[in-house]
Undergrad: 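Structure incoming, see below.
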Amino acid sequence: MSLISYTVKRILSMIVVMFGALTLTFVLSRFMPGDPVLAYLPQNKPNPQLYAYYTRLLGLDRPIWEQYFRYIGDLFTGNWGFSVSIAKDMPVWTLIMQRLPRTVDITILSVVIASFLGIKFGIISAKHRNKTRDAFFRGLSLVGVAVPVFFLGMLLQYFFAYQLKWFPGTGFKTREFPDPAFVTGFRVIDALISRELYIIFDYLYHLVLPVFCLSFISLAGIVRQTRSSMLEVLEQDYIRTARAKGCRERDVINTHAKKNAMIPTVTIIGLSFAGLLAGAVLTETTFDLKGVGQLLVDAIVRSDYWVLNGLVFFFTIVFVVANLLVDLLYGVLDPRIRY
Amino acid sequence: MLEQEVYEIKEEDEIKKLGLITKNIIKWVINNLKFIFIPAYKLNALVEKEEKHERTVSKRKFIRRFKSFLTILGIILVFAVVTMAVFPHWLAPYTEADASGVFPGTWANPSPEHPLGTTSFGRDVLTRLIFGARTSLIVALPAIGLSVILGVIIGIIAAFYGGWLDTVIMRLMDILLAFPGLILALVFISVFTDLFKTDVRIEYIMLAWGILGVPFYSRLIRGSVLQAKELPYIQAARVAGAGNFRIMFKHILPNVIQPIIISVTFDIGGIILSLAGLSFLGFSDPQLIDWGNEISRTRERLYDAPWASLFPGFFILLSVLGFMLLGDGLRDALDPRLRDL
């Protein structure tokens, strides 16, 4: 089977899973805290007639299967409802898009930093197997797996923000600084467009601690995986051949071994990308970054029905698509795999 | 006279030599062909004895592989956490009532009376930490027990029967896996609280994590059952007249349970971590003394009373680390091929 037919097959099975997930969110949404009708009612007027009117308007008096198709249709046409308590009457889609940039920024930065350092540490660890450096990096990755994100975040806040005053502890911008003119919502891009470089530096300066926190967590898995697959590759015959023909050790590692050892590591990186979304919930709460993760917690605490609904849908899509991409990337990276 | 003596001595020597050779032959026969001389009725006892010997040898090897520094550290940490959970009344400097009472000396520095300082209402931090260990284990163990039991049953049934049942069950598991764990757990808990009109209760958290762990274990066991059900001993059991359920749970299960045991040890740590995350976000029983809960309440005072929120985090780190090290060591000892993973 070729890559194309494999892709098609994977996408089809993803659609099946996606619909299952949507059904689950539909069932959950019937039990979620908050009332969907209240979101549409004019505030502070508990009027039974109006309530019944909006129930009919939203189709909540219809048979359950009709509600189901309506629900799915609404989600795909971007009709995600309105926020009740977090930002009154703001469309959920706008609210999510407002909060998304911070989450995307810290996630991408952490993935880049974690994979760059993780691969490097993993290779060093494999090269000096069972020596001091190996033990150090293995210990570091063990702590990385076991440490709670928020504990690490609070340690960083206490020592680097409060004691040493090197970095700001919470928030994502200095209060007096203005927002750049709104173009994409991403602070870095907007500031680049309006040529306000100090805003970029201020923003990145605020992100140092959260990104350190998140990347430390995902570093662990990458180091472990790189180390073990590197050790496996270094046992192979072609590595011995390369050494026998007189390659420098650096070339053996970088050109012969690294490429083949990277394949399982890429999988781990892709999966950690999805896992970081969940880690972002805790990190954003710790550092008060006002991202999507924090929005989710707010939506549950303040029972904001439509926001919660939209966010669960959003996270599910991101998660499923990330998994699919990892699967496909695997095939592209390793031509030996034929499906 | 002399010649004769010499001759006799020589003869004696030769006789001795000959005796030695026969003795050696007999020794060899006994050693290597002893089963010829063993009466049939003693054979079973002998085999048993040999098996016992081999088992002690492999047990010794197991213990030797188990005796690495990190594993011992893990055992010590787990032992400490379990001790704190079982005997908090003997270890803690104050009683449980004191740990949630109201006293003067709020947010006090660490002192001889309060080794780790005090938190709000002058409650002793150390006492609350020791009582918190119980909560962690009380939630983590039932949750993981639920997911293992359900996951194993579902996984075995899916793999054993195969066909459409397998497809349906595995697709359902895929759907559950399609959500990020923490987010689905949050939604589950909020749904439960809304459904039963109560505060967040510890049972909801157990139930949520119990359900979320099911797909993982059923996938894990499905693979090994698929392999095991093709082996000859299953056919032998079937010929002997065993029913499907007997084959599944008496013949296959004991042979495929090992990876589950290893991953459970590992996952207890993971669950403690996730629970701490949930209570950090404020989703936990407010009546309980809980490490994550402790952090979420004292976080506001991080800068002027760091001991109140940093020590609980440190305890979470240590207990998670303990279970993970133990799981690592167990895996190395039971399955040395995976050593370098």
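Quick note on labels: first sequence line is chain A, next is B, and so on, each numbered from 1.
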Undergrad: Please report the interatomic distance CG(B:Leu281) to CD1(A:Ile300), rounded to the nearest 0.5 Å.
TA: 9.0 Å
Undergrad: Has A:Phe212 got more than 12 heavy atoms of other residues, nucleotides or ligands less than 6.0 Å from its CZ?
TA: no
Undergrad: Under a 4.0 Å N-O cut-off, is there an ion pair linking A:Arg138 with B:Asp328?
TA: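 Salt bridge between A:Arg138 and B:Asp328, a charged N being under 4.0 Å from a carboxylate O: no.
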Undergrad: Heavy-atom pairs under 4.5 Å with chain A: which of B:Asp174, B:Leu318, B:Leu172, B:Leu186 has the most?
TA: B:Leu186
Undergrad: Between B:Ile295 and chain A, which part of the residue has a heavy atom less than 4.5 Å away: side chain, backbone, both or neither?
TA: side chain
Undergrad: Tell me, side chain or backbone of B:Phe323 under 4.5 Å from chain A's heavy atoms, or both, or neither?
TA: neither
Undergrad: Checking heavy atoms, do the side chain of A:Gln157, its backbone, both or neither come under 4.5 Å from chain B?
TA: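 Both backbone and side chain of A:Gln157 come within 4.5 Å of chain B.
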Undergrad: Please tell me if the side chains of B:Leu310 and A:Phe151 come closer than 4.5 Å, counting only heavy atoms from C-beta onward.
TA: yes
Undergrad: Mark yes when over 12 heavy atoms from residues, nucleotides or ligands other than A:Phe160 sit less than 6.0 Å from its CZ; otherwise mark no.
TA: no
Undergrad: In the structure I gave you, are the side-chain heavy atoms of B:Leu176 and A:Leu24 within less than 4.5 Å of one another anywhere?
TA: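 The answer is yes, as the side chains (C-beta and beyond) meet within the 4.5 Å cut-off.
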Undergrad: Counting only heavy atoms closer than 4.5 Å, note whether B:Leu325 contacts chain A via side chain, backbone, both or neither.
TA: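 The side chain, not the backbone.
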Undergrad: Distance from B:Ser309 atom OG to A:Phe150 atom CZ, nearest 0.5 Å?
TA: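 B:Ser309 atom OG to A:Phe150 atom CZ measures 11.0 Å (nearest 0.5 Å).
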Undergrad: With a cut-off of 6.0 Å (strictly less than), are more than 12 heavy atoms of other residues, nucleotides or ligands near CZ of B:Phe314?
TA: no
Undergrad: Would you mind reporting whether A:Phe315 and B:Leu184 have side-chain heavy atoms less than 4.5 Å apart?
TA: no
Undergrad: Can you tell me which portion of B:Phe315 sits under 4.5 Å from chain A's heavy atoms? Options are side chain, backbone, both or neither.
TA: neither
Undergrad: Given that the side chain runs from C-beta out, which part of B:Phe192 has a heavy atom under 4.5 Å from chain A: side chain, backbone, both or neither?
TA: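 The answer is neither part of B:Phe192.
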Undergrad: Which atom names give the shortest non-hydrogen contact between A:Ala146 and B:Leu273, and what distance separates them?
TA: O-CD1, 3.4 Å
Undergrad: Using side-chain heavy atoms (C-beta onward) and a distance below 4.5 Å, is A:Leu142 in contact with B:Leu70?
TA: yes
Undergrad: Tell me, side chain or backbone of A:Ala126 under 4.5 Å from chain B's heavy atoms, or both, or neither?
TA: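 Neither the backbone nor the side chain of A:Ala126 comes within 4.5 Å of chain B.
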Undergrad: Pick one of side chain, backbone, both or neither for A:Val149, based on which atoms fall under 4.5 Å of a heavy atom in chain B.
TA: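 For A:Val149, neither part sits under 4.5 Å from chain B.
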Undergrad: Is it the case that over 12 heavy atoms from other parts of the model lie below 6.0 angstrom from the CD atom of B:Glu300?
TA: no
Undergrad: Which bit of A:Thr286 comes within less than 4.5 Å of chain B, counting heavy atoms only: side chain, backbone, both or neither?
TA: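 A:Thr286 touches chain B through backbone and side-chain heavy atoms alike.
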Undergrad: Do A:Thr285 and B:Arg299 have side-chain heavy atoms sitting under 4.5 Å apart?
TA: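 A:Thr285 reaches B:Arg299 side chain to side chain.
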Undergrad: Drop me the distance from B:Ile175's CD1 to A:Thr316's OG1, to the nearest 0.5 angstrom.
TA: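 It is 11.5 Å, given to the nearest 0.5 Å.
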